[in-house]
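In what follows, chains are A, B, ... by sequence order, proteins preceding strands, each numbered from 1.
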2 protein chains.
Amino acid sequence: MKDKRQTIQKNLVLNVVRASDNHPSAEEVYQIVVKDHPSISRSTVYRNLHNLVDEKQIRLVQVLNGPEHFDKTLAMHYHIQCTECNRASDIVVRTANDSETIVESSGYLVKSKEILYLGICPDCQEKIKKLE
Amino acid sequence: MKDKRQTIQKNLVLNVVRASDNHPSAEEVYQIVVKDHPSISRSTVYRNLHNLVDEKQIRLVQVLNGPEHFDKTLAMHYHIQCTECNRASDIVVRTANDSETIVESSGYLVKSKEILYLGICPDCQEKIKKLE
DNA sequence: GTGCCTGCAAATGTTTTGCAAACCT
DNA sequence: AGGTTTGCAAAACATTTGCAGGCAC
């Protein structure tokens with residue numbers, strides 16, 4: 001197991017995610033951190049975000065066709081993605097009728113719901129078997 | 001409305017998607033077309049795939065963190081994405097127990113199910129209002 | 001003939017990687 | 001000292017765009 005160190009940069013990244021109301025992208029985290037610490041590098045922010053996800057200190061929120069987002073909340077909840085700007089937010093739904101729904105918490109106008117299963121395809125199952 | 005023309009390249013692209021059992025990515029479509037027509041350009045394939053989606057001749061299948069895929073089937077159905085290689089397939093589920101499920105049709109090992117809402121965030125709603 | 005479509009090359013946006021120097025413990 | 005982490009630059013990957021010439025209608 002890797003020896004995970006607690007560095008200044010890692011704490012800066014973690015604090016930015018923790019201080020966010022919404023789910024910032026890596027670029028947004030970088031922009032906030034770099035304001036006060038102009039010497040930090042973008043790759044350090046990316047690396048630390050993923051380290052923090054591995055350590056389960058934050059959660060990765062993936063959307064369709066957009067950059068990765070990061071979430072300070074670890075507990076399971078649903079997300080909504082803006083089809084225009086790819087922003088991601090938490091969702092708390094109040095159903096109005098079948099086709100359109102207003103999300104109270106965020107002001108999003110909900111258009112649709114994607115259900116996507118995640119798994120391992122036959123080829124990759126083979127590959128994994130061979131590695132073991 | 002744009003005058004959509006029927007070109008050789010567009011037909012090649014459409015036929016490749018129609019001939020696919022699974023959901024090829026743009027790159028995969030390009031690789032198949034370019035075998036027989038070495039002068040076709042990657043951007044033409046991308047452009048025509050999107051044109052065909054706009055014309056509803058094929059369907060766009062988006063996955064998390066992977067390239068776009070294209071689907072000859074227009075009817076609604078669910079998809080599964082491989083977490084290792086990002087391949088996308090149709091899903092027909094046979095529930096075994098709560099956490100793991102075998103998908104008969106495709107041989108995927110299902111690991112999880114993502115529910116993602118799609119909508120328009122407050123900022124983009126504003127922007128759209130101003131354009132109208 | 002008009003103007004959409006193509007092919008090329010370059011740009012874009014997001015993320016990853018190689019590497020030497022800096023840092024922690 | 002030893003190994004991890006950083007910053008930089010470059011690469012990687014998927015996709016889009018500008019443009020001049022070609023082709024469909």
Protein-nucleotide distance (Glu28(A), atom CD; dT14(C), atom C1'), rounded to Å
13 Å
What is the distance, to the nearest angstrom, from the CG atom on Leu49(A) to the C1' atom on dT5(D)?
15 Å
For dC13(D), does either OP1 or OP2 sit under 4.0 Å from a side-chain N or O belonging to Asn65(B)?
no
Toward the 5' end of DNA chain D, by each residue's nearest nucleotide, Asn48(A) or Ile8(B):
Asn48(A)
Expressed in angstrom and rounded to an integer, what is the separation of Glu55(B) atom CD from dC5(C) atom C1'?
13 Å
What I want to check is whether an N or O donor and acceptor connect the side chain of Thr7(A) with the base of dC24(C) at under 3.5 Å.
no
From the candidates dT15(D), dT6(D), dT14(C), the one with an atom nearest any side-chain atom of Gln9(A) is dT6(D)
What is the separation between atom NE2 on His37(A) and atom C1' on dT6(D), rounded to the nearest whole Å?
14 Å
Would you kindly give the NZ-to-P distance between Lys10(A) and dG7(D), to the nearest whole Å?
14 Å
How close or far is atom P of dA14(D) from atom CG of Leu60(B), stated in whole angstroms?
15 Å
Looking for any heavy atom pair under 4.0 Å, which part of the strands does Glu27(A) touch: base, sugar-phosphate only, or nothing?
nothing
Ion pair present between Lys10(A) and Glu55(A), side-chain N to carboxylate O less than 4.0 angstrom?
yes
Single hit among Val17(A), Leu12(A), Val34(A) for side-chain contact (heavy atoms from CB on, under 4.5 Å) with Val29(A)
Val17(A)
For residues His79(B) and Asp71(B), is any side-chain donor paired with an opposing acceptor at under 3.5 Å?
yes
For residues Asn86(A) and Gln81(A), is any side-chain donor paired with an opposing acceptor at under 3.5 Å?
yes
For dT16(C), does OP1 or OP2 lie under 4.0 Å from any side-chain N or O of Ser43(A)?
no
Quick one: is Tyr46(A) getting a side-chain N or O under 4.0 Å of the dT15(C) phosphate, OP1 or OP2?
yes
Which nucleotide, dT16(D), dT16(C), dG7(D), lies nearest any side-chain atom of Ser39(A)?
dG7(D)
Look at the side chain of Arg47(A) and decide which nucleotide, out of dC8(C), dT14(C), dG18(C), has an atom nearest to it.
dG18(C)
Please classify the nucleic acid contact of His50(B) as base, sugar-phosphate, or nothing, using heavy-atom distances under 4.0 Å.
sugar-phosphate
Closest to side chain of Arg5(A), choosing from dT15(D), dT4(D), dC25(D)
dT4(D)
By nearest atom, which of the nucleotides dC25(D), dT6(C), dT5(D) is closest to the Gln6(B) side chain?
dC25(D)
dG7(D), OP1 or OP2 - any side-chain N/O from Thr44(A) closer than 4.0 Å?
yes
Integer-rounded Å distance: dC5(C) C1' and Ile40(B) CD1
11 Å
In whole angstrom, what separates Tyr30(A)'s OH from dT6(D)'s P?
14 Å
Tyr108(B) and Ser89(B): side-chain donor and acceptor closer than 3.5 Å?
yes
Do Glu68(B) and His50(B) have side-chain atoms, one donor and one acceptor, less than 3.5 Å apart?
yes
